[in-house]
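Here the structure is a predicted model, which is why all the values come from computation and not from measurement. Here is how names work: the chains are called A, B, and so on, in the same order as the sequence lines, proteins then strands, and each is numbered from 1.
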2 protein chains.
Amino acid sequence: MFTLDQLRCFVAVAEELHFGRAADRLRMTQPPLSRQIQRLEEILGVVLLERDNRRVALTEAGRAFLRESHGILAGVSRAPETAREVAAGRRGILRIGFTAMSAYSVLSGILSALDEKLPSVRVELEELVTGPQKDGIVDGSLDLGIARPPFDPDTFGSHRLFTEDLVLAVPSDHPLASATRPPASDQLAQEHLIMHSATKAWYFHDLAARVLPFDHARAVHTVSQVATIMALVAAGRGIGFVPESARALGVDGVALVPLGKPVRGVVELYAIWHRESTNPALHRALEILRSPEGFL
Amino acid sequence: MFTLDQLRCFVAVAEELHFGRAADRLRMTQPPLSRQIQRLEEILGVVLLERDNRRVALTEAGRAFLRESHGILAGVSRAPETAREVAAGRRGILRIGFTAMSAYSVLSGILSALDEKLPSVRVELEELVTGPQKDGIVDGSLDLGIARPPFDPDTFGSHRLFTEDLVLAVPSDHPLASATRPPASDQLAQEHLIMHSATKAWYFHDLAARVLPFDHARAVHTVSQVATIMALVAAGRGIGFVPESARALGVDGVALVPLGKPVRGVVELYAIWHRESTNPALHRALEILRSPEGFL
DNA sequence: CGTCATTACGGAATGCGTAATGATA
DNA sequence: TATCATTACGCATTCCGTAATGACG
């Protein structure tokens, strides 16, 4: 089979149509150039250049081979740069898992920052709750998760992206909506409570339970999505705890009431990744997420 | 710069993820394979394979470089075959010039035959009268012409493709249209004659003049295209000489009247080419045009 | 101690450059 | 006779294969 050097020799001669000038361009002398062309033709079994002692011209086959050669050499010069860019994390694929609610807080800022700082990194997104995100990171199908704590620090690296308050979602016409002070426990005790699922949304479930010890019997619905709580509250089925970013959902007929100091900043969102990931694009992305100016 | 051998080595290892099996597949021993990979990584300045004594895995950069390598090697294996096919005339470009009238006789048959016998030869068509076809063939912008004689046999190779009769185009309601015998010279002498241009369509001009010595004063129009003659005859402006294939134009109100023995087969159409053309596709095409079964 | 990647070393082949040849205008 | 591609030859480099080494389970 022919070599890349033979290709480069042929391209030079084909473009110069002169062995002397081609050799000059290749920083070599004519004789080895001549032999490389001969050898290439011999290997191919095709005459590429019609030449006598006065004139050099391409045959039709030579023209076709020249086109192919250009393509090959273009690939050859592109390949190392591509590999280096991937190795440096400036190019590649970053598969990100995110919780539905993060789309209303940090996600768009993260995506904009990645787009700006790592334009050649392709980002693939998948909406998943925290559990499946961890699974995906462990089995390698995800590079980065945007998820709720806690995480096993032995397998996951993590970085806190965002904290927000837990607030109370009540119907707009409810007395609590126009109260000037945070509601007291005994005020809440009288309300129907729309709870998060203890299995599918245990993060919010546990958070709410920690903030307000409550009687499970009063839970009128058990849902897994924040947006569903908002809809049920709007429908007058009860009240519920939601993160403040639920405000971005813009559900009519729902007011979000602050709960006071104990729940200030208790809702956390983390970036998580596999500690042993070798994806360079991930590490570049983490630098950006951790940088002082952040991603907003 | 790296070599194709290094690429092949890398691809084998990347696909097998095992130096021993890869070396086996490449019909070589492990040590040189190991060194080739090391050398490739050194040249690129990038780690392509994560390996310890038990496990071989691709890095992200390695995955990217593997994709590029596949592309390069595909080009490398395609290029020689392409060159050989072009050299054999089974692939390439054939630029054909043709006269407008040939589109009503032989052209479509020729194109079908080329399409069938030389499917990988791309045919480019240009409608030109004989003069410019010759120019194009001489300066190399055309490979094949479909033109009217004569040709200088020193520069042009030629092959007669088609002969047809010269016929008389008359209005359908003209007495000559319903005559049972070819018109005599004195009958024609009384008619207005629509003549071909002596410069742009000298072939038909001379042909008509040879068949029927006539008085130039009686020429009422001078046109360069057969189709124009047909239109003028239909409009009742006179009569004219046209090749029989003008019937395919299907102009209403025009009857084509035979002229008798002296003009049987006098209209000729030739394939012409440069005697020194080196385009292999041309020679394959000529084999087809000259073959007994022809191109119809 | 067996497996598998890597290093060490000797021999063969490939490819360069200089010098000579040949062919053409 | 000048130009330009090609052949001849000597030297350096590269690369293979065999043998030895080293690390890990």
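One atom, CE of B:Met28, and another, P of D:dT18, lie 12 Å apart when rounded to the nearest Å. For the pair B:Asp5 CG and D:dC16 P, the computed distance is 7 Å after rounding to whole Å. As rounded to whole Å, 14 Å separates atom C1' of C:dG15 from atom CD1 of A:Ile37. With rounding to whole Å, A:Arg39 atom CZ is found 16 Å from D:dT6 atom P. The distance from atom CZ of B:Phe2 to atom C1' of D:dC15 is 19 Å, rounded to the nearest whole Å. One interatomic measurement links the two molecules: CG of B:Leu4 to C1' of D:dC15, which rounds to 16 Å at whole-angstrom precision. Atom CG in B:Leu48 sits roughly 16 Å away from atom P in C:dA5 (whole-Å rounding). Computed from coordinates, the B:Leu26 CG to C:dA5 C1' distance equals 16 Å when rounded to whole Å.
Using a 4.0 Å cut-off between a side-chain N of Lys or Arg and a carboxylate O of Asp or Glu, A:Arg78 and A:Glu81 do not qualify as a salt bridge.
Although no hydrogens or angles enter the test, the distance criterion places a donor-acceptor pair under 3.5 Å between the side chain of B:Ser291 and the main chain of B:Ile288. Between the side chain of B:Glu50 and the backbone N or O of B:Ala57, no donor-acceptor pair lies under 3.5 Å. Listed for the B:Thr59 side chain is a donor-acceptor partner under 3.5 Å among the backbone atoms of B:Val47. Side-chain atoms of B:Thr130 come within 3.5 Å of backbone atoms of B:Arg148 as a donor-acceptor pair (strictly under, hydrogens ignored).
For A:Ser34, no side-chain nitrogen or oxygen approaches OP1 or OP2 of D:dA5 to under 4.0 Å. A close approach under 4.0 Å does not occur between any side-chain nitrogen or oxygen of B:Gln30 and OP1 or OP2 of D:dG17. Taking side-chain N and O atoms only, A:Arg51 has a distance below 4.0 Å to OP1 or OP2 of D:dT6. The shortest distance between the side-chain N/O atoms of A:Gln36 and the OP1/OP2 oxygens of C:dT14 is not below 4.0 Å.
For B:Arg35, counting side-chain heavy atoms from C-beta on, the closest listed nucleotide (D:dT6, C:dC9, D:dA8) is C:dC9. Each of C:dG17, D:dT6, C:dG15 was ranked by its minimum atom distance to the side chain of A:Phe19; first place goes to D:dT6. Checked against D:dT7, C:dT6, D:dA5, the side chain of A:Gln38 finds its nearest nucleotide in D:dT7. Nearest nucleotide to the A:His18 side chain, out of C:dA5, D:dT6, D:dC4: D:dC4.
Comparing A:Asp52 and A:Gln6 by the nucleotide of DNA chain C that holds the closest heavy atom to each, the one mapping nearer the 5' end is A:Gln6.
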